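Okay, so here's the structure we're looking at.
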Amino acid sequence: MELAYIPSPSRGVLYLGPIPLRGYAFCIIIGVFVAVWLGNRRWIARGGRAGTVADIAVWAVPFGLVGGRLYHVITDYELYFSEGRDWVDAFKVWEGGLGIWGAIALGAVGAWIGCRRRGIALPAYADAIAPGIALAQAIGRWGNWFNQELYGKATDLPWALHITSSTDGRLPGYYHPTFLYESLWCIGVALLVIWADRRFKLGHGRAFALYVAAYCAGRGWIEYMRIDDAHHVLGLRLNVWTAIVVFVLAVTYIVVSAKKRPGREEIVEPGAAEDGSDAGTDGETKTDGESVKSEEPADAKAESESESDADAESGTEAALKDEEKSEDADEAADDAADKTADETESAGKKS
């Protein structure tokens with residue numbers, strides 16, 4: 001008897017009246033929200049507009065879901081189109097079965113469409129959302145826990161996963177929780193990309209390529225531990241070969257891109273800098289959660305300047321009048337002195 005293990009949920013769905021609440025779907029949804037939230041923060045930090053990441057995600061997420069499902073159905077077609085199977089099950093995404101390779105590939109097509117509509121370069125957008133995608137995968141893998149799927153070989157380790165279901169060829173027992181290994185690995189990938197991006201100022205798609213390479217490095221050995229049915233090529237599971245090929249492509253892109261286009265993009269979203277300048281006339285905004293210091297509105301400021309100008313003009317006019325009065329007084333004093341001198345001279349002559 002195992003003294004310590006990871007229990008599996010007795011079921012992966014709860015019902016709120018007639019509405020099913022599926023754990024797998026909730027994990028996917030939460031992962032998407034986390035990816036968009038983190039991507040938005042990184043996009044703003046790079047000089048983009050708030051909300052742009054979410055707008056493009058409206059295109060990327062549906063394309064990614066379709067791509068992930070297509071990859072799964074194509075590579076495991078016997079689950080849906082072999083004798084005794086119902087092809088309609090291929091559309092039941094909530095029951096599990098999304099291939100990350102197809103999700104990223106077709107999701108990139110959706111992101112490209114969204115970026116093109118806003119005049120944004122896809123590599124810059126990909127760099128911003130890369131760690132968010134890794135975190136979304138980390139959260140999404142817990143959906144496999146709800147469905148009691150994607151576990152590894154039998155083990156007696158204290159963190160073994162206890163499988164209790166016997167449907168679809170499962171054998172109850174204690175197995176390596178490969179879903180947990182991949183979840184933790186993806187968290188590490190996200191932290192790696194964030195650190196490397198800050199340290200080396202990655203740009204032009206290299207942060208995204210680093211995410212792809214790091215994920216593939218982990219997916220290779222984790223995939224090797226799994227025991228679920230899969231196609232094999234030269235003794236290795238298909239997904240292991242996919243991870244190897246994609247890893248090589250990602251590393252090649254990092255090397256070639258760094259030589260051809262070093263550094264990071266100065267402008268990631270056209271017009272965003274001008275928007276920031278316009279906003280700066282009404283107040284000074286600080287990033288990273290700092291306070292916002294407001295200045296006087298433009299109209300009040302202009303009115304104040306006008307009043308200052310009017311006061312200055314009034315002061316100038318008063319000074320001129322005082323100067324004129326002073327000159328008049330001086331002239332009157334001179335006249336009085338001349339008159340006195342004349343009278344004295346006249347009196348002298350008379351005497």
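All of these numbers come straight from a predicted model, not from anything done at the bench.
- Looking at H162, its side chain never comes within 3.5 Å of a backbone N or O of A160 through a donor-acceptor pair.
- The two atoms that bring A243 and C216 nearest to each other are O-CB, 3.4 Å, heavy atoms only.
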Begin from the C-alpha positions of L236 and Y224 and carry the test side-chain contact (heavy atoms from CB on, under 4.5 Å) through to its verdict. CA-CA 8 Å; L236 292 178; Y224 188 75; 4.3 Å; yes
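- Residues L192 and I104 are members of one and the same hydrophobic cluster, defined by side-chain heavy-atom contacts under 4.5 angstrom among Ile, Leu, Val, Met, Phe, Trp and Tyr.
- Taking the ring centroids of W195 and F200, they lie under the 6.0 Å cut-off.
- I129 contributes atom CD1, which lies 10.5 Å from atom CG of L38 (distance to the nearest 0.5 angstrom).
- Between the W241 side chain and the V233 main chain, a donor and an acceptor come within less than 3.5 Å of each other.
- A distance of 6.0 Å or more separates the ring centres of F146 and Y24.
- Contact check on R264 versus D197 returns a salt bridge, with a Lys/Arg side-chain nitrogen under 4.0 Å from an Asp/Glu carboxylate oxygen.
- When atom types are taken as modelled, the side chain of E265 and the backbone of H204 share a donor-acceptor pair closer than 3.5 angstrom.
- Listed for the N40 side chain is no donor-acceptor partner under 3.5 Å among the backbone atoms of V53.
- Side chains of Y151 and H176: a donor-acceptor N/O pair is absent below 3.5 angstrom, by distance only.
- Summarising the geometry of A111 relative to I56, their closest heavy-atom pair is O-CG2, 3.7 Å, with the distance given to 0.1 Å.
- The closest side-chain heavy-atom distance from L161 to S8 is below 4.5 Å.
- Separating the OG atom in S165 from the CD atom in E149 is a distance of 10.5 Å, to the nearest 0.5 Å.
- The distance from the SG atom of C186 to the CG atom of L191 is 11.5 Å, given to the nearest 0.5 Å.
- Using a 4.5 Å heavy-atom cutoff, the side chains of W221 and V240 are not in contact.
- In this structure the side chain of W159 never reaches within 4.5 angstrom of the side chain of Y174, judged on heavy atoms.
- Using modelled atom types, no side-chain atom of R206 and backbone atom of Y253 make a donor-acceptor pair closer than 3.5 Å.
- L157 places none of its side-chain heavy atoms less than 4.5 Å from the side chain of Y5.
- Under a cut-off of 6.0 angstrom, the local environment of OH in Y181 is crowded, with over 12 non-hydrogen atoms contributed by other residues, nucleotides or ligands.
- With hydrogens and angles left out, the side-chain atoms of Q148 and Y175 include no donor and acceptor closer than 3.5 Å.
- Annotation: the span from I194 atom CD1 to Y211 atom OH amounts to 13.5 Å, rounded to 0.5 Å.
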Applying side-chain contact (heavy atoms from CB on, under 4.5 Å) to R170 and T164, what does each step give before you reach the verdict? CA-CA 9 Å; R170 296 182 182 89; T164 57; over 6 Å; no
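- Checking side-chain atoms of W101 against main-chain N and O of G67 turns up no donor-acceptor pair under 3.5 Å.
- Between W43 and Y125, the ring planes lie perpendicular to each other; the angle is over 60°, past the 30° to 60° tilted range.
- Contact annotation: the side chain of F208 never approaches that of L202 to less than 4.5 Å [non-hydrogen atoms, C-beta and beyond].
- For the residue pair P62 and A57, the shortest heavy atom distance occurs at CD-O, 3.8 Å.
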Run R237 and H231 through side-chain contact (heavy atoms from CB on, under 4.5 Å) and show every step you take. CA-CA 6 Å; R237 293 166 66 97; H231 296 287; over 6 Å; no
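- Taking the six-membered ring where the residue is Trp, W59 and F63 present tilted rings, their angle falling between 30° and 60°.
- In the hydrophobic cluster analysis, where Ile, Leu, Val, Met, Phe, Trp and Tyr join through side-chain heavy atoms closer than 4.5 angstrom, I113 is grouped together with L106.
- Distance alone, capped at 3.5 Å, is enough to place a donor-acceptor pair between the D127 side chain and the G205 backbone.
- Within 6.0 Å of atom CZ in F33, 12 or fewer heavy atoms from other residues, nucleotides or ligands are found, so the atom counts as exposed in its surroundings.
- Residues G140 and I28 share a closest heavy-atom pair of CA-CD1, 4.4 Å.
- Between the side chains of T178 and R226, no donor-acceptor pair of N or O atoms lies under 3.5 Å.
- Between W142 and F179, the distance separating the two ring centers is shorter than 6.0 angstrom.
- For the atom pair CZ of R42 and CZ of R198, the computed distance is 8.0 Å after rounding to the nearest 0.5 Å.
- Considering only heavy atoms from C-beta on, R141 comes within 4.5 Å of L150 through its side chain.
- Minimum heavy-atom separation, A207 to V193: O-CG1, 3.8 Å.
- Of all non-hydrogen atoms in A136 and G31, the two that sit nearest each other are CB-O, 3.2 Å.
- Counting only distance, with no hydrogens or angles, the side chain of W185 and the backbone of A138 share no donor-acceptor pair below 3.5 Å.
- Here the side chains of R85 and D89 are not in contact, with every heavy-atom distance at 4.5 Å or above.
- Hydrophobic clustering of Ile, Leu, Val, Met, Phe, Trp and Tyr side chains at less than 4.5 Å, counting indirect connections, unites L79 with W87.
- Looking only at side-chain heavy atoms (C-beta outward), L65 and V93 stay at 4.5 Å or farther from each other.
- By the 6.0 Å contact criterion, CG on L184 is enclosed, its count of non-hydrogen atoms from other residues, nucleotides or ligands being greater than 12.
- Between D55 and R49 no salt bridge is recorded (no basic side-chain N to carboxylate O distance below 4.0 Å).
- No path of Ile, Leu, Val, Met, Phe, Trp and Tyr side chains, each step under 4.5 Å between heavy atoms, connects V251 with V212, placing them in separate hydrophobic clusters.
- Judged by distance alone, the side chain of R69 and the main-chain N or O of A90 form a donor-acceptor pair under 3.5 Å.
- Taken to the nearest 0.5 Å, the CG atom of L234 stands 11.5 Å off from the CG atom of L238.
- Hydrophobic clustering of Ile, Leu, Val, Met, Phe, Trp and Tyr side chains at less than 4.5 Å, counting indirect connections, keeps I267 apart from L122.
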Could you go through R219 and N239, starting from their C-alpha distance and side-chain angles, then the distance that decides it, and tell me whether this counts as side-chain contact (heavy atoms from CB on, under 4.5 Å)? CA-CA 8 Å; R219 179 62 185 267; N239 282 333; 3.3 Å; yes
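- With hydrogens and angles ignored, the 3.5 Å screen pairs a side-chain donor or acceptor of D86 with a backbone N or O of V88.
- Note on ring orientation: taking the six-membered ring where Trp is involved, the planes of H72 and Y80 are perpendicular (angle over 60°, cut-offs 30° and 60°).
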